[in-house]
Amino acid sequence: MRYTQEFGKILNKTEIAKGTFDVILHSPEIAKIAAVGQFVNILCDGFTLRRPISLCGFNSEKGILRIVFEVRGKGTEWMSRLQVGDDMDIIGPLGHGFGLLDSSKKAVIVGGGVGTPPLLPVAQFYRENATVITGFRNASASILQDDFAQAGTNYILCTDDGSAGIHGLTTQALEQYLNKNTCDIIYTCGPKVMMHGVARLAEEHKINCQVSMEERMGCGVGACLCCVCPTKDDNGNHLTRVCLNGPVFMSTEVDWDA
Amino acid sequence: MRYTQEFGKILNKTEIAKGTFDVILHSPEIAKIAAVGQFVNILCDGFTLRRPISLCGFNSEKGILRIVFEVRGKGTEWMSRLQVGDDMDIIGPLGHGFGLLDSSKKAVIVGGGVGTPPLLPVAQFYRENATVITGFRNASASILQDDFAQAGTNYILCTDDGSAGIHGLTTQALEQYLNKNTCDIIYTCGPKVMMHGVARLAEEHKINCQVSMEERMGCGVGACLCCVCPTKDDNGNHLTRVCLNGPVFMSTEVDWDA
Amino acid sequence: MPDMSVKICGVSFKNPVIAASGTYGYGMDYNEFYPISRLGGISCKGTTLVERAGNPAPRIAETPCGILNSVGLQNPGVGRFLTSYLPRLKKQNIVVIANIAGNSVEDYCKMAERLKESQVDIIELNISCPNVKQGGVNFGILPGSVAEVTSQVKKHSDKPLMVKLTPNVTSIGDIAKAAEGAGADALSLINTLTGMRIDIKTRRPILRNNTGGLSGSAIFPVALRMVREVYKCVKIPVVGMGGISSWEDAAEMMIAGASAVQVGTANFRDPFACIKIIEGLESFADSLGLKSIAELTGTLNEW
Amino acid sequence: MPDMSVKICGVSFKNPVIAASGTYGYGMDYNEFYPISRLGGISCKGTTLVERAGNPAPRIAETPCGILNSVGLQNPGVGRFLTSYLPRLKKQNIVVIANIAGNSVEDYCKMAERLKESQVDIIELNISCPNVKQGGVNFGILPGSVAEVTSQVKKHSDKPLMVKLTPNVTSIGDIAKAAEGAGADALSLINTLTGMRIDIKTRRPILRNNTGGLSGSAIFPVALRMVREVYKCVKIPVVGMGGISSWEDAAEMMIAGASAVQVGTANFRDPFACIKIIEGLESFADSLGLKSIAELTGTLNEW
Ligand SMILES: Cc1cc2nc3c(=O)[nH]c(=O)nc-3n(C[C@H](O)[C@H](O)[C@H](O)COP(=O)(O)OP(=O)(O)OC[C@H]3O[C@@H](n4cnc5c(N)ncnc54)[C@H](O)[C@@H]3O)c2cc1C
Ligand SMILES: Cc1cc2nc3c(=O)[nH]c(=O)nc-3n(C[C@H](O)[C@H](O)[C@H](O)COP(=O)(O)OP(=O)(O)OC[C@H]3O[C@@H](n4cnc5c(N)ncnc54)[C@H](O)[C@@H]3O)c2cc1C
Ligand SMILES: Cc1cc2nc3c(=O)[nH]c(=O)nc-3n(C[C@H](O)[C@H](O)[C@H](O)COP(=O)(O)O)c2cc1C
Ligand SMILES: Cc1cc2nc3c(=O)[nH]c(=O)nc-3n(C[C@H](O)[C@H](O)[C@H](O)COP(=O)(O)O)c2cc1C
Ligand code: FES
Ligand code: FES
C-alpha cells in the first residue's frame, strides 16, 4: 500500500506572508514514507476535488509534515480558515519527487512564488552546495528566506519591484550566475514561463534540470488521466500524468511548446 | 418590508434533551416584529434550502429570539454544531402565527414532541388559564416542562412508554380533559396524526382549534408554491401555502383526508 | 459606472437580472425584502387559461447543490393574473414577463389573445414544464411542435415572444433553431432537468409526483453549455438561466452568450441573491472598463 | 449477514459495487490504498483499437457538487490492454469489465473480436463518451444507431454485452429499448451530461476542449430518474451510476431498479468511497433483514 489517507492534526499554523500559510501537520503514516518533491492531496469541505499541495518538509521520526500554501481560490481559502487542533483529511505521499545526487554536488535551485516550498527540502539536502534563487512579486510576498539561510545555502532573492534583493527575474539572476559559475544540477518550481526559461538556460549550459509541473487534478493517483502534461522522448510525444509520473520531470522531457 | 435577513448571534445554547437544542439568538430586527406561532428560515452551510424553525420565544426589547430544534437530518445536524458566538443567517419573521383570544379565556394546548416549542409563547400568554398537554417518546425526550410550569399553566405530561407523566397519547389525555372540562380554544402542533386527532376532538366538542402545519419548503415567503397543504372552505378545496397563509390554520380549514 | 441596461426584443430592462418564473411568484413576496423595482425584470409564475391546483405535496426535495420541484403549475388562471396580480406588479415599475403554459396549441393561443393590450411586456412561452401530465414539456422536445406552437402564438399575440426551452433534449440547438425559424423574438433557457429522489426508509420517491425538475447550482454547467450552443446557432437574443447563484455565474452566462439572465433557486437560499448579482455585475463591468454591461454578451474566446 | 453477491448476465459479482470506467484506470492505482479485490468489479478506462493521446489539458474543472472532464479516451489501445493491463488486473481476483469505444461500427466489432477468449468478463459498449469528436456519443443518441452497433458487436463477441447509455437524450427509454431489442445483455447508465465552465478573467472555457462531461453528486437525481425510467421499460439488468457517493445513494439507485452500481467521481474525493459503500449497503441490507442485497433492486413504491 503506497498511499495512505490520514487525518493530519494541525500542530502549528503561521501566516508567513499575506495570504500564504505555513502549516505543520501530525501525519505519521505519510511522513514515514514521504520523499522530497512529493505532494499530498487535501480535502476541502464542500468541494468534490482535493487540492494538491507539495511537501515543504517532513520528518518521519516526529511524524510531521510541513506545507506552505497560498490562498488562490475557494479551496485554499477554506484551508486557510482551519485552526491549530483541526484535522486535515489528506492522502499521500503522492507523485514522483526530485531526484537527488550526492550532497557534495553543486545544485542550483530556482523557485518562483509559491512554487518555492517544495524546493526547501532540496536545499536542505545540498546545504552549502546549494545556490537558491527565488523570486517574488515584492518583499512582503517573499517567503522561506530564513529557512534557506538556516540550511546554509547561498541564497539570492529577486523581486519584481525591487523592494527586496535583486530587482528582476529569477531567470536573469540564473543567467548571470551560470555565466560565472557552474553546477551539476538545477531544480526549479514556479510559474510555467519561468520554468521554461530555466529549462532553456539549463539546456544552453548543458546542465541537467528537474522541473516540478502543475496541472489540475482529479484522482491524484494516476487513475483518471486528468492531469496530463505534454512530454516527449525517443518514442515521440505523449501526454503524461503529472500526479503519478510527475510532478517532477527532467526539463528535456517536457514538451514546452505543446 | 415585512421580512428581514439577519445574522443572529448565538447567545446561549443548551442541549435540553438528547439531540434537541435550545438556542438563544440576538436578532433585534426580527424580534422587533415577531408574533406568536411564526417561524424563521435558517441557512445551513452547504445546503440549498433553508430550514424552517418555529419561534419558541422572542423579546422585542432585548432583541432576542429563542428556538428549540431537534436534529433530524443533515441540516439540523449542522445547526447543532454551531457554538455560542457564531452567527446564524436567518430570515423572518415568517408566516401567519397563532390567533390569541383575550388572555382570560380558557385555552388547551396540545403539543407532540418537537412540535411543542411554538406553543410555549401561547401558554405564556394564557398563563393560569392554559392547560398544556404535551407528549414525548419517553421521559428523557420531554422538553420545556419547566417553562410551562414557570408560566403558571396547568400542564400534563404524557409519554409513549410511561417513563414520566401519563402513560399514553396526548389525544387520550385531551379526550379525558374535554370530558370533564371545557375551554374556549385549542392550539396544537406536532405529528400530523396527532393534530388530526386533536382536530376531531375539537370538532366533536365544538371548540375552535388552531393547528400548526409542517411541509417541505422552498422560499419560505410565499413565492414558490412548494409548501402547500390541502385546505377547504366554502369555495371548495385548495392547496394553500403553509409558509405564508400558515403555518397556523383553523383545524376545520385543513382537508385532513386529502 | 457602466450602463447596466439591456434591450431584449425591443424591451428595455434596467439591468440584465430577471427573477425566474415559478421561484418568485408574482413578485410581491420578495417586495417585502427590498423594492423589486431594483430588478431588471420578473418572469411571473407559469400561468394557464384556467386556475390550476398543481400537484400534491411534498413538492420539493433537496439534492446535492440543487433541488427538485414538482409544483406543477399551480396558478390562479390568466383572468385573475390580469385583474389582481399584474396591476399590483406593474405599479412597482418593473418589466413584466408573463410565463404562459397550456395543454394544447389552442390554449397557448387563447392565452396570448388574453394578454393582448395588457401591461405585460414580454410573453415567455413555457413549453418546457416537466411537472404537468398533458402538454407542457411535450411541446418542447420536438422541433416540429416547437415551431408549430411558436408560430401559432405569434399570430395571436401583439407582444414580443420569448420561447423557454427544456434541457431534456438530445439537441438543444435544433430546438432553438426551430423556435427562431417560427418567429420567436428571443429564447430563454434552461428549464429544469427531470430528476428523482428516494426516501430509502419508506422506499418511496420524496416527491409525491415521483419525479420533479432539478434546478440550482448543480445544473449550472449544463445550462452554460446549452446557452453557448444556442447562442452559436441563432441570431435572436438568449436569456440564460439554470443554477446562477452569484455574479460570477451571471458573468459566465453572459460571456457564453446570454443578453440577460434569470435567477431562480438562488433566491431561496439568499433572498437578496438578485440584488447581489446586479451589484456584482456592475462592479465587474466597471473593473473591465466596459461602457455597457451588454458588451459582455458572447465574448467567450473558445479554444 | 446478507448475501452481497449479485449476478448480472451470467457473471457473478462479490458485491454490487463496481468502479466506474475512466475514474479508476486499470485498477492498480487504487490497489495502493486497499486490495481492489474487495470490489464487486471494475470497469476499465475506455479502450480503443489503437492507442489514443486524448485531449490537451486542462482536462478537469470543478463545478458545484461535481466536475467536468474532457479526458477524451486517452488509452494505450486494446493490444497493450490485453498484454499488460488485463493480466495484472485479473490476478487481483476481480470481475473485469472492458469499456470499449470506437469511431465506427467496424471499430467496435474489431474490438469485440480482439477481446474474444480474453479474461474479460463483460464488455461495456461505450457509445456515450462526449469527449471525442468522431463516433463516441454520436452512436448513443439515436435508437437506430444504438441498435445497429449493439447487434453488430453482439455478432462479433463471445462476451456478455452491457451497453452504456448517454443521458444527453430526449428519451432514455427509447434508447434503452433499442439496445435491448438489438441483443444487449445489460445496460449501464448514466455517462456524463455535457457541460461547460468559463474563467471570467480570461473569458476562456476552463477546459481546453471547451466542453466536458459533468459527473459527481450534482447529477445524481438525473441519473436516478433515468435508471428508474429504463428499469421500467426493459427486462435486462440495469447497472446504475452517476453521482453515487454514499451507501445511501447506492441504496436509492438499487431501489430505483439497479442490479449493481458503478462509482466514479466519488473516488476522487474519498479513495475509500467504494469500500464504504459496500460496507454501508451490507449493514443496510442486514438491518432490513434481507437475505440477499439483490432483493433491494426495483423495490421502489411509486406514488
Ligand atoms: C503537484 C502540485 C503541487 C502544488 N503545490 C503547491 C504548494 O505547495 N503551495 C501552493 O500554494 N500551491 C500549490 N499547488 C497549487 C494548488 O494546488 C492550487 O493553488 C490550488 O489547488 C487552488 O485551489 P483553490 O480551490 O484555492 O482554487 P480554485 O481556482 O477555486 O480551484 C478550482 C479547481 O482548480 C484546481 N486548481 C486551481 N489552480 C490550480 C493550480 N495552480 N494547480 C493545480 N490545480 C489547480 C483546484 O485544485 C480545484 O480543483 C500545487 C499544485 C500541484 C499540481
Ligand atoms: C413551519 C415549520 C416550523 C418548524 N419548527 C420546528 C421547530 O421549532 N423545531 C424543530 O425541531 N423542527 C421544526 N420544524 C421541522 C424542521 O424544519 C425540520 O426538522 C428540518 O427542516 C429538517 O432538516 P434536516 O436538514 O435536518 O433534515 P433533512 O431530512 O436532511 O432535510 C432535507 C430537506 O427536507 C426538509 N424537511 C425535512 N423534514 C422536514 C419537516 N419535518 N418539515 C419541513 N421540512 C422538512 C428540510 O428542510 C430540507 O429541505 C418546522 C418545520 C416547519 C415547516
Ligand atoms: C419551484 C419552482 C417552480 C418553477 N415554476 C416554473 C414555471 O412555472 N414556469 C417556468 O417556465 N419555469 C418554472 N421553473 C423553472 C425556473 O424558472 C428555471 O428555469 C429553473 O429553475 C432553472 O433556474 P434556477 O436554477 O436558477 O432555478 C420553476 C422552478 C422552480 C424551482
Ligand atoms: C475523468 C473521467 C473519465 C471518464 N472516462 C470514461 C470512459 O473512458 N468511458 C466511459 O464509459 N465513461 C467514462 N467516464 C464516465 C463515468 O464512467 C461515469 O459514467 C460518470 O462519471 C458518472 O458517474 P460518477 O458521477 O460516479 O462519476 C469518465 C468519467 C470521468 C469523471
Ligand atoms: S489526477 Fe488522476 S491521473 Fe493524475
Ligand atoms: S415555501 Fe415557497 S411558497 Fe411556501
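Order of the sequence lines fixes the chain letters, A, B, ..., with proteins taken first and strands second; residue numbering starts at 1 for each chain.
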For the pair A:Arg50 and D:Glu62, find out whether any cationic side-chain nitrogen is under 4.0 Å from an anionic carboxylate oxygen. no

With a 4.5 angstrom heavy-atom cut-off, could you sort out which part of A:Leu239 is near chain D: side chain, backbone, both or neither? both

Which heavy atom of D:Cys65 sits nearest a heavy atom of A:Thr48, and at what distance? C-OG1, 3.5 Å

Please classify the contact between A:Cys44 and chain D as side chain, backbone, both or neither, with a heavy-atom cut-off of under 4.5 Å. backbone

Which one of A:Gly222, A:Gly46, A:Gly75, A:Pro230 has the most heavy-atom pairs closer than 4.5 Å to chain D? A:Gly222

Between D:Tyr30 and chain A, with a heavy-atom cut-off of 4.5 Å, which part of the residue counts as in contact: side chain, backbone, both or neither? side chain

Using non-hydrogen atoms and a 4.5 Å limit, figure out which bit of A:Leu49 sits close to chain D: side chain, backbone, both or neither. both

Please determine whether the number of non-hydrogen atoms from other residues, nucleotides or ligands lying under 6.0 Å from atom NE2 of A:His238 exceeds 12. yes

Starting at CD1 of A:Ile91, measure out to CZ of D:Phe268 and round the result to the nearest 0.5 Å. 11.0 Å

Looking at every non-hydrogen atom in both residues, tell me the closest pair between D:Ala57 and A:Val228 and how far apart they are. CB-O, 3.3 Å

Quick one: which of A:Asp89, A:Val221, A:Asn237 has the most heavy-atom pairs under 4.5 Å with chain D, could you say? A:Val221

Structural part of D:Asn31 lying under 4.5 Å from a heavy atom of chain A: backbone

Selection from D:Gln74, D:Glu51, D:Arg269 maximising heavy-atom pairs under 4.5 Å formed with chain A: D:Arg269

Note: A:Tyr3 and D:Asp29 closest approach over all heavy atoms is CE1-O, 3.7 Å

Can you establish whether the number of heavy atoms outside A:Glu203 located under 6.0 Å from its atom CD is more than 12? no

Heavy-atom distance under 4.5 Å to chain A: side chain of D:Phe33, backbone, both or neither? both

Assert top hit (heavy-atom pairs under 4.5 Å, partner chain A, pool D:Lys45, D:Arg59, D:Glu32) equals D:Glu32

How close do D:Ile60 and A:Gly218 get, counting heavy atoms only, and between which atoms? CD1-CA, 3.5 Å

Counting only heavy atoms not in A:Arg81 (residues, nucleotides, ligands), do more than 12 fall under 6.0 Å from its CZ? yes

Decide yes or no for A:Cys219 and D:Asn267: does some side-chain heavy atom of the first lie under 4.5 Å from some side-chain heavy atom of the second? no

Would you call A:Cys224 and D:Asn69 a side-chain contact if the rule is heavy atoms closer than 4.5 Å? no

